[in-house]
Number of protein chains: 2
Amino acid sequence: MALARGPDNVRVEDIAAAAGVSPRTYNNYFSSREQAVVAAVVGDRAAQVAAAVVSRPAEVGVADAVIDAVVALYSDSDDHPRDALLMIANSAVLRACYVDTITMIEGPLTDAVIERCDRIGRLTAQVLSASVGAAAKIAVRQWLQTTSAPPSMPGFVVPSGSLPDLVRAALTPLAPAFDAATTHSARRPPGA
Amino acid sequence: MALARGPDNVRVEDIAAAAGVSPRTYNNYFSSREQAVVAAVVGDRAAQVAAAVVSRPAEVGVADAVIDAVVALYSDSDDHPRDALLMIANSAVLRACYVDTITMIEGPLTDAVIERCDRIGRLTAQVLSASVGAAAKIAVRQWLQTTSAPPSMPGFVVPSGSLPDLVRAALTPLAPAFDAATTHSARRPPGA
DNA sequence: GCAGAATATTGCGTGCACGCAATATTGCGT
DNA sequence: ACGCAATATTGCGTGCACGCAATATTCTGC
């Protein structure tokens with residue numbers, strides 16, 4: 001719908017009507033118009049991540065399990081049609097909203113991390129999950145910005161390069177933190 | 001001003017008038033009313049962090065330098081008067097906005113990290129800085145939520161416990177990532 | 001099947017964020 | 001000092017987010 005008419009030509013009234021509810025009710029579920037649009041594109045990230053994390057074989061470490069799961073999230077292109085991503089890439093607000101979507105995986109990710117290694121502290125798991133989210137945000141943001149010439153004609157942003165690769169590169173620096181969290185060395189072994 | 005009259009009794013018009021500008025101009029500088037209130041309380045975090053990071057002695061590693069700097073941010077209580085924090089803690093929107101403030105330190109922090117160890121990749125520095133931000137957010141959010149009973153009377157949230165300690169605890173799991181980023185082991189030495 | 005509770009939906013009213021285009025202001029070169 | 005360009009400020013108009021309270025709907029125990 002936003003694809004057909006352009007994101008700015010979709011009024012809240014339209015979305016509500018399409019959903020068969022009042023505009024006010026729509027607002028009970030989406031805190032902004034852009035969020036509704038993005039949600040329609042990405043679906044339920046939380047469920048995907050949960051599934052992805054549990055589907056990793058038990059032998060691999062937490063770090064790799066998490067990294068693979070998140071990378072997989074941005075590899076399956078079925079949920080992310082080219083044109084939809086293009087539209088998102090061309091609107092600053094949609095970009096921001098799309099990036100914020102990543103936050104929603106942090107909760108489930110925390111649970112998954114705790115489940116995979118139950119000796120880990122809750123706070124640590126939260127921090128690591130949030131870090132993963134932050135890293136993913138950076139990767140996606142950077143990817144969306146690829147040649148995002150703001151001044152110009154709509155429809156000129158051309159996301160290119162491998163998003164999965166970029167995501168993996170962004171997540172890799174965090175692997176040592178996961179490793180350290182699972183093998184409880186007090187901290188800072190290099191000197192001693 | 002928000003302290004005296006309550007956060008909800010401050011209209012944009014008032015803020016603008018107090019600043020001696022038109023309401024529209026106020027909106028060019030603050031994207032929301034809450035942001036203006038919070039900004040008035042916290043001042044310029046970016047500057048503080050930059051100063052804090054450079055003021056660490058050169059001998060200490062990046063990890064400790066960063067952690068100490070961020071912890072220091074939440075130790076100096078001069079900028080964070082008790083009553084102001086109480087007000088923020090009691091409003092969901094203000095809480096969120098206050099937590100989001102942390103994001104503003106990521107840019108300067110990235111620069112500082114790169115400066116301290118120039119062999120580090122830009123992406124890695126960004127990821128680590130964002131992770132620090134994410135961890136700090138968790139700590140602050142958790143601290144603000146201490147006994148934050150939503151249903152009840154205004155002024156009943158009592159933030160307690162040591163925020164600096166909580167921040168440090170949240171940041172500590174990230175130290176190994178910093179260590180690994182500075183000493184370039186390819187990754188995953190435990191096996192080989 | 002029914003009363004009553006719990007929950008979801010809706011309308012209304014209020015302030016607000018923000019694009020746009022006009023106007024005021026600052027800064028620079030000569 | 002002057003004019004010009006870059007930048008900051010302002011008014012206006014439009015949709016919108018959201019609190020609140022009334023209403024419709026679904027969920028229980030009996």
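Residue numbering restarts at 1 for every chain, and letters A, B, ... go by the order of the sequence lines.
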Got a list of protein N/O to nucleotides 20-25 of chain C N/O distances below 3.5 Å?
from, atom 1, to, atom 2, distance (Å)
C:dC20, N4, B:R24, NH2, 3.4

N or O in side chain of A:T25 less than 4.0 angstrom from C:dT10 OP1/OP2: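 Answer yes for this pair, as a side-chain N or O of A:T25 is under 4.0 Å from OP1 or OP2.
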
Using a side-chain heavy atom cutoff under 4.5 Å and only I, L, V, M, F, W and Y, what cluster partners does A:V60 have?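 Its cluster mates, by chain and number: none.
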
Tell me who clusters with A:M1, hydrophobic residues only, linked when side chains sit under 4.5 Å apart either directly or through other members.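 Members alongside A:M1: A:V10, A:V12, A:I15, A:Y26, A:Y29, A:F30.
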
For B:R5 and B:N9, which heavy atoms make the closest approach, and how far apart are they?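 For B:R5 versus B:N9, the nearest heavy atoms are O-ND2, 2.7 Å.
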
Which pair of non-hydrogen atoms, one from A:T172 and one from A:R168, has the smallest distance, and what is that distance?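 Where A:T172 meets A:R168 most closely, the heavy atoms are OG1-O, 2.6 Å.
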
With no hydrogens and no angle check, is any side-chain donor or acceptor of [X] less than 3.5 Å from a backbone partner on [Y]?
X      : Y     : value
A:T101 : A:C97 : yes
B:S91  : B:I88 : no
A:N90  : A:M87 : no

In whole Å, what is the span from the [atom1] atom of [X] to the [atom2] atom of [N]?
X     : N      : atom1 : atom2 : result
A:Y29 : D:dA17 : OH    : C1'   : 17 Å
B:Q35 : C:dA17 : CD    : C1'   : 12 Å
A:Y26 : D:dC16 : OH    : P     : 7 Å
A:R33 : D:dC18 : CZ    : P     : 13 Å

Using a 4.5 Å cut-off on heavy atoms from C-beta on, say whether the side chain of [Y] contacts that of [X].
X      : Y      : answer
A:L123 : B:Q142 : yes
B:R45  : B:I102 : no
A:D8   : A:R33  : yes

Tell me which of B:P23 and B:V93 sits closer to the 5' end of DNA chain D, going by the nucleotide each one is nearest to.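 The 5'-side residue here is B:P23.
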
Dot-bracket for DNA chain C, 5' to 3', counting Watson-Crick or G-U wobble pairs under 3.5 Å, with [ ] for crossing pairs and | for inter-strand pairs? ||||||||||||||||||||||||||||||

Under 3.5 Å donor-acceptor pairs involving side-chain atoms of residues 127-140 of chain A, not counting sequence neighbours:
from, atom 1, to, atom 2, distance (Å)
A:S129, OG, A:T110, N, 3.3
A:S129, OG, A:T110, OG1, 3.3
A:S129, OG, A:A125, O, 2.9
A:S131, OG, A:V127, O, 2.8
A:K137, NZ, A:T103, OG1, 3.1

Which nucleotide in the list D:dA17, C:dA17, C:dC18 gets nearest to the side chain of A:N27?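 Output: D:dA17.
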
Is A:F30 touching bases, backbone alone, or none of the nucleic acid, heavy atoms closer than 4.0 Å?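 Answer is nothing: A:F30 stays at 4.0 Å or more from every strand.
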
Considering only heavy atoms, which members of residues 4-20 of chain B lie under 4.0 Å from some atom of DNA chain D?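 DNA chain D contact set from residues 4-20 of chain B: none.
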
